[in-house]
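Notes to accompany the following structure.
The basis for the numbers below is simple: all heavy atoms, side chains too, and nothing from hydrogens, waters or symmetry mates. Worth saying up front: this structure is predicted, and the values here are computed from it rather than measured.
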Amino acid sequence: MEPHTGLVAMHMSDGIVNAPISVLFGLIAVLGLAFCVARARRDLDDRTAPMAGLVAAFVFAVQMLNFPVLPGVSGHLLGGALCAILVGPYVGALCVSIVLLLQALLFADGGLSALGTNITNMALIGTFVGYGVAVAMRRIATRSRGGLMLTAFVAAWVNTVVASLGFVLEYALGGQGLALGTVFGLMTGFHALIGIGEGIITALTVGAVAAARPDLVYLTRTSSPSLEIRTQGVRS
Amino acid sequence: MTRLPVAFYAGFLLVALLLAGVVSYAASSSPDGLDAVTRTGCELDESGEPVGGTCIAQNAGEHATAASPLADYTLGGSEGTTGIAGVVGVLVTLAVAGGLFWVLRRRSAPSETPSRGE
């Protein structure tokens with residue numbers, strides 16, 4: 001087997017947790033995504049649907065950019081908070097899921113039987129918890145672009161750490177090979193550091209979108225009181 | 001008529017393509033946080049396969065799509081093709097996600113506005 005330079009794998013492989021737990025989280029992922037599909041519709045229109053496709057493509061790109069966090073350890077964007085802030089939590093969870101699905105199917109990154117666990121951790125837990133943090137900070141986020149970027153940073157940091165806790169839970173239920181306390185300590189420790197990178201990337205991205213097209217930032221758009229109704233008919 | 005922010009969309013896509021196509025060559029090749037944990041306790045050979053000790057990664061199976069032409073973010077395993085694989089990935093992701101969201105979107109109907117009761 002020839003050594004590859006660059007990226008090899010970024011997500012959980014097959015067999016890291018046992019089959020019953022993989023199936024259980026596969027079921028959780030399917031139910032969660034079905035709910036997201038049902039709710040995503042109201043957040044998607046002629047303007048936000050292309051934006052959401054681009055956000056997914058952007059997350060795919062940035063996930064390739066592993067950055068060093070410790071000697072011999074790197075991290076990469078997960079993207080949940082970034083997606084949730086830009087396109088909402090339901091569409092955002094679908095964005096991250098599509099990235100994970102394509103990575104597993106085309107790029108041999110993340111096991112097919114581990115899709116349920118990977119989607120649960122990064123697309124569902126990461127996105128919704130990150131969004132919850134962002135909503136809790138919405139008063140700061142709507143005050144200024146700096147406030148929005150601070151909100152994005154904090155939400156992204158939390159999203160990274162809670163996604164890693166998802167892995168710890170799955171490992172506790174169906175994994176073996178290393179003491180659970182060690183897994184917990186290393187996972188949260190590494191991801192507390194990776195979360196800083198996630199936070200910086202998310203803050204810069206959200207800040208740039210807010211500077212160019214503030215109307216395309218879901219978090220601050222939905223907090224505005226009025227639904228703007230345009231009288232000119234728009235025919236698609 | 002459309003009011004779509006096409007220039008913004010194009011700029012956003014260009015950034016994603018540059019990140020995946022060019023900046024990806026500068027990415028760290030160290031294992032990420034998760035892989036570093038699953039490898040803890042094992043001795044690894046040059047290609048990162050566990051050869052001794054006890055670790056989580058020993059339970060990992062060969063990837064079911066390891067034979068994919070884009071496996072490991074390369075074109076057919078060739079060195080130096082990460083950027084091309086990345087560009088393909090960005091475009092495929094945009095097509096799949098954008099297509100799904102376009103199908104799911106609310107059609108704009110002039111006489112119909114989202115109900116205020118929600």
With chain A, the option among B/Gly41, B/Ala26, B/Ala60 that has the most non-hydrogen atom pairs under 4.5 Å is B/Ala60
Scored by heavy-atom pairs under 4.5 Å with chain A, the best of B/Leu91, B/Val88, B/Thr40 is B/Thr40
Whatever's closer than 4.5 Å to a heavy atom in chain A on B/Tyr9 counts as both
Chain B shares the most heavy-atom pairs under 4.5 Å, among A/Asp45, A/Leu102, A/Leu178, A/Leu54, with A/Leu54
Greatest number of non-hydrogen atom pairs under 4.5 angstrom with chain B, of A/Gly75, A/Ala40, A/Gly111, falls to A/Gly111
For residues 75-95 of chain B, the ring pair (Phe, Tyr, Trp, His ring centres under 6.0 Å) pairs (sequence neighbours left out) are none
Note: B/Ala97 and A/Ala56 closest approach over all heavy atoms is CB-CB, 3.6 Å
Bottom line for B/Thr54: the part with an atom under 4.5 Å from chain A's heavy atoms is both
(request) Show the numbers, then the answer: is there a side-chain contact (heavy atoms from CB on, under 4.5 Å) between A/Val73 and B/Ser30? (result) CA-CA 5 Å; A/Val73 182; B/Ser30 297; 5.7 Å; no
Whatever's closer than 4.5 Å to a heavy atom in chain A on B/Val15 counts as side chain
Output for pair (B/Leu70 CG, A/Asp109 CG), nearest 0.5 Å, gives 12.0 Å
Heavy-atom closest pair (A/Arg47 atom, B/Pro5 atom, distance to 0.1 Å) is NH1-CD, 4.1 Å
Smallest heavy-atom separation, B/Ala27 atom then A/Met64 atom, equals CB-O, 3.4 Å
When the 4.5 angstrom heavy-atom criterion is applied to A/Leu216 and chain B, the contacting part is side chain
So, the part of B/Ala85 with a heavy atom under 4.5 Å from chain A: the answer is both
**OP:** Check step by step if side-chain contact (heavy atoms from CB on, under 4.5 Å) holds for A/Met51 and B/Phe101.
**Re:** CA-CA 9 Å; A/Met51 177 65 180; B/Phe101 296 141; over 6 Å; no
List the steps, then state whether side-chain contact (heavy atoms from CB on, under 4.5 Å) holds for B/Asp32 with A/Phe190.
CA-CA 9 Å; B/Asp32 69 11; A/Phe190 288 157; over 6 Å; no
- Would you find more than 12 non-hydrogen atoms of other residues, nucleotides or ligands less than 6.0 Å from B/Phe8 atom CZ? yes
In this structure, OG of B/Ser68 is separated from CG of A/Leu105 (nearest 0.5 Å) by 9.0 Å
Assert top hit (heavy-atom pairs under 4.5 Å, partner chain A, pool B/Gly98, B/Ala95, B/Gly53, B/Cys55) equals B/Cys55
Answer key: most heavy-atom pairs under 4.5 Å with chain B among A/Ala114, A/Ser97, A/Pro50, A/Pro71 is A/Pro50
Do A/Asp46 and B/Arg105 have side chains that approach each other closer than 4.5 Å (heavy atoms only, starting at C-beta)? yes
CG (A/Leu186) and CG (B/Leu34) are apart, to the nearest 0.5 Å, by 11.5 Å
CG of B/Leu104 to CZ of A/Arg42, rounded to nearest 0.5 Å, is 13.5 Å
Look only at the side chain of B/Thr65 and the backbone of A/Ala104, and say whether a donor-acceptor pair between them is shorter than 3.5 Å.
-> yes
When the 4.5 angstrom heavy-atom criterion is applied to A/Val87 and chain B, the contacting part is neither
Taken to the nearest 0.5 Å, the spacing of A/Ser13 OG from B/Asn59 CG works out to 10.5 Å
Chain A shares the most heavy-atom pairs under 4.5 Å, among B/Ala64, B/Gly33, B/Ala20, with B/Gly33
Value for OG1 (A/Thr48) from CZ (B/Arg106), rounded to nearest 0.5 Å, stands at 7.0 Å
If one checks every heavy atom of B/Leu17 against chain A at 4.5 Å, the contacting part turns out to be neither
Heavy-atom nearest pair, B/Val90 first then A/Ala57, reads O-CB, 3.6 Å
Residue pairs meeting ring pair (Phe, Tyr, Trp, His ring centres under 6.0 Å), one or both in residues 35-79 of chain A, sequence neighbours left out, come to A/His11-A/His76, A/Phe35-A/Tyr90, A/Phe58-B/Phe12, A/Phe60-A/Phe107
When the 4.5 angstrom heavy-atom criterion is applied to A/Val17 and chain B, the contacting part is neither
